[in-house]
Amino acid sequence: MTTIARPDAGFLRSPSAEKVLADHAGDAAFATTLGRGLVVLEAFDVGGALRGNADLAARTGISRPTVARLTHTLAELGYLRYDWKLSKYRLGARALRMAHPLLAGMEFRQAARPLMQELAQSVRGTVSIGLLDGASAIYVETARSGDVGTHVPDIGMPIPVILTAMGRASSAALPAVEFALLEQCLKADNPDLWSAYRDKYHAGVEQCAERGFCTCYGEYMASIHAVAAPLFHVPALKQSFAINCGIPAFRLQSGQLESEIGPRIKALADSIRALVNEVGPMIAHS
C-alpha cells in the first residue's frame, strides 16, 4: 500500500503568498517587494513561532540579505517582534489588526455562537465555522466543551479541504463554476493527495447534496471523527462557509455520527441561516 504524505503547512495555506509570487514573476504591475514581505510573514506558524533570518531564507527561498531587510522593516512596522536574546523574530501584535476587520464583517458569528456552544457541550466535542480559502478551510468561530482531546480548533487555524468534513462541506456550498475551479486547484496543489482522497472528497460533497451533511472518520486526525454541513455562500465576497462538529472517536458509538450528530449539525446550520436570513446553497455539482 502506498503511503501518502499529509499536506505540509505550505499546502494548508493555499494559495500562499509564495505561490502567488512565483506565478507573477515578470508581471510589471506586481509589487514584488510587498509579495516577498508577505511570504516572510506566512513563514511563521504554530510550529515555528520564533524564526531567524537564515531559517526564513531557507523556508522562503528569498536571499538572506533581502530577508534581513524585510524582517527589519516588518519589525519597525510592528508586524514582527525581535527577540534580542535569541536573535530571532516572532509575529507582532499588529498582525492581529489585519484579521479584525475581516472577522468583524462576519456578524453572523455572534448570533451562531450560543447555538454552537450548546451543541458542543451536549456532544462533548467542538463546533466550528469555517471559511473556504483555496485548498484550506479556515476557522472563523469555534466553541468547545471542556475536554475535547488533542485537537483544539482556534480562530485562524487552517485545515485541508480534501481531508476534512469541513472542507468538503464548504466546497459543496460553492456555485458550480467555482466548484470546478477549486477542483483544478486541488489537483494542481497536491496531485498525490488528490489521487488518494478524491473519491472520499466527492463522496462528501454527494453526502451534503443528499443528506445536508457529510462525515469524516479520522482522515485528517485519526483520533477525531467529524461531521459538517454547508452553511451559505456569499457571491459578492466569494465566501463559502460551513459548520462542523468534531468528537473524539472513543466517545462515539457505532453509527452515531450518521444517525445523531449529522442530523444535529444540519439542524444547527438551518437554525443559523434562519437567524441571519441567509439561503442554503444549491448543491448541483455533486
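Atom set for the values below is all heavy atoms of this structure, side chains included, hydrogens, waters and symmetry mates excluded.
- With rounding to the nearest 0.5 Å, the separation of SG in Cys216 from CD1 in Ile162 is 12.0 Å.
- Remark: Gln256 engages Leu252, Gln253, Glu260, Ile261 in a side-chain contact (heavy atoms from CB on, under 4.5 Å) (not counting sequence neighbours).
- Between Gln184 and Leu186, the closest side-chain pair of non-hydrogen atoms is not below 4.5 Å.
- Scored by the ring-ring contact (aromatic ring centres under 6.0 Å, His included) test, Tyr82 finds Trp84, Tyr89 as partners (sequence neighbours excluded).
- Scanning both residues, Cys208 and Ala228, for their nearest heavy atoms gives SG-O, 4.5 Å.
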Evaluate Leu131 against Met106 for side chain to side chain contact (heavy atoms under 4.5 Å, CB included), listing each step before the verdict.
CA-CA 10 Å; Leu131 169 63; Met106 303 173 191; 3.6 Å; yes
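- Between the CG atom of Leu231 and the CD1 atom of Ile243 there is a distance of 5.5 Å, given to the nearest 0.5 Å.
- Sparse packing is recorded around CD of Glu118, with 12 or fewer heavy atoms of other residues, nucleotides or ligands lying under 6.0 Å away.
- Met98 and Leu91 fall within a single hydrophobic cluster, where Ile, Leu, Val, Met, Phe, Trp and Tyr are joined by side-chain heavy atoms under 4.5 Å apart, directly or via other members.
- Between the Ser171 side chain and the Gly167 main chain, a donor and an acceptor come within less than 3.5 Å of each other.
- Side-chain atoms of Ile159 and Tyr220, non-hydrogen and from C-beta on, do get closer than 4.5 Å to each other.
- Asp154 places no side-chain N or O within donor-acceptor distance of the main-chain N or O of Met157, the cut-off being under 3.5 Å.
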Start with the C-alpha distance between Cys214 and Val205, add both sets of side-chain angles, then the distance that settles side chain to side chain contact (heavy atoms under 4.5 Å, CB included), and finish with yes or no.
CA-CA 7 Å; Cys214 63; Val205 175; over 6 Å; no
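- With rounding to the nearest 0.5 Å, the separation of SG in Cys245 from CE in Met166 is 10.5 Å.
- In this structure, Asp83 and Arg90 have side chains that are in contact, with non-hydrogen atoms separated by less than 4.5 Å.
- Contact between Leu115 and Ile272 at its shortest, heavy atoms only, is CD1-CG1, 4.4 Å.
- In this structure, Leu103 is a member of the same hydrophobic cluster as Met116, with clusters built from ILVMFWY side-chain heavy atoms closer than 4.5 Å.
- Annotation: ring pair (Phe, Tyr, Trp, His ring centres under 6.0 Å) contacts involving residues 96-138, sequence neighbours excluded, comprise Phe108-Phe232, Phe108-Phe241.
- By the rule that hydrophobic residues join a cluster once side-chain heavy atoms approach within less than 4.5 Å of another member, Leu77 and Leu38 end up as members of one cluster.
- For the side-chain contact (heavy atoms from CB on, under 4.5 Å) test, residues two or more places apart in sequence or in another chain that qualify with Thr215 are Gln207, Arg211, Phe213, Tyr217, Val227, Leu257, Glu258.
- The side-chain contact (heavy atoms from CB on, under 4.5 Å) test applied to Thr66 returns Arg36, Ile62, Ser63, Arg69, Leu70, not counting sequence neighbours.
- Take Ile138 and apply the side-chain contact (heavy atoms from CB on, under 4.5 Å) test, not counting sequence neighbours, and it matches Asp133, Pro158.
- No side-chain heavy atom of Asn244 sits less than 4.5 Å from a side-chain heavy atom of Val127.
- Tyr201 pairs by the ring-ring contact (aromatic ring centres under 6.0 Å, His included) definition with Trp194, not counting sequence neighbours.
- Distance check, rounded to the nearest 0.5 Å: CG of Leu182 to NZ of Lys187 gives 11.0 Å.
- In this structure, Ser240 has no side-chain hydrogen bond (donor to acceptor under 3.5 Å, both in side chains) partners at least two apart in sequence or on a different chain.
- Between Ala242 and Ser170 the shortest heavy-atom distance is CB-N, 3.5 Å.
- Using a 4.0 Å cut-off between charged side-chain N and carboxylate O, Arg168 and Glu219 make a salt bridge.
- Listed by first and then second residue, the salt bridge (charged side-chain N to carboxylate O under 4.0 Å, His left out) pairs involving residues 220-232 amount to none (not counting sequence neighbours).
- When all heavy atoms are compared, the tightest approach of Val67 to Ala57 is CG2-CA, 3.9 Å.
- Looking at Arg51, its side chain never comes within 3.5 Å of a backbone N or O of Phe44 through a donor-acceptor pair.
- Arg113 pairs by the salt bridge (Lys or Arg N to Asp or Glu O under 4.0 Å) definition with Glu141, not counting sequence neighbours.
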Apply the test side chain to side chain contact (heavy atoms under 4.5 Å, CB included) to residues Leu174 and His233: give CA-CA distance (whole Å), side-chain angles for both, the deciding distance (0.1 Å), then the verdict.
CA-CA 6 Å; Leu174 289 172; His233 178 71; 4.0 Å; yes
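- At least one donor-acceptor pair closer than 3.5 Å links the side chain of Arg109 to the backbone N or O of Val140.
- Contact detail for Val276 and Ala111: the closest heavy-atom pair is CG1-CB, 4.3 Å.
- Here the NZ-CG distance, from Lys88 to Leu56, works out to 10.0 Å after rounding to the nearest 0.5 Å.
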For residues 263-270, which side-chain donor-acceptor pairs fall under 3.5 Å, sequence neighbours excluded?
{"from": "Arg264", "atom 1": "NH1", "to": "Ser122", "atom 2": "OG", "distance (Å)": "3.2"}
{"from": "Arg264", "atom 1": "NH2", "to": "Ser122", "atom 2": "OG", "distance (Å)": "3.0"}
{"from": "Lys266", "atom 1": "NZ", "to": "Asp270", "atom 2": "OD2", "distance (Å)": "3.2"}
{"from": "Asp270", "atom 1": "OD1", "to": "Arg273", "atom 2": "NH2", "distance (Å)": "2.4"}

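- For Gln121, the side-chain hydrogen bond (donor to acceptor under 3.5 Å, both in side chains) criterion is met by Gln117, not counting sequence neighbours.
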Please lay out, stage by stage, how Asn53 and Thr71 fare under the test side chain to side chain donor-acceptor pair (under 3.5 Å).
CA-CA 8 Å; Asn53 286 334; Thr71 52; 2.9 Å; yes
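- There is a side-chain donor-acceptor pair under 3.5 Å between Glu183 and His202.
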Working for side chain to side chain contact (heavy atoms under 4.5 Å, CB included), residues Leu132 and Gln239:
CA-CA 7 Å; Leu132 188 65; Gln239 291 179 335; over 6 Å; no
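- Atom CZ of Arg64 is separated from atom CG of Asp55 by 10.5 Å, given to the nearest 0.5 angstrom.
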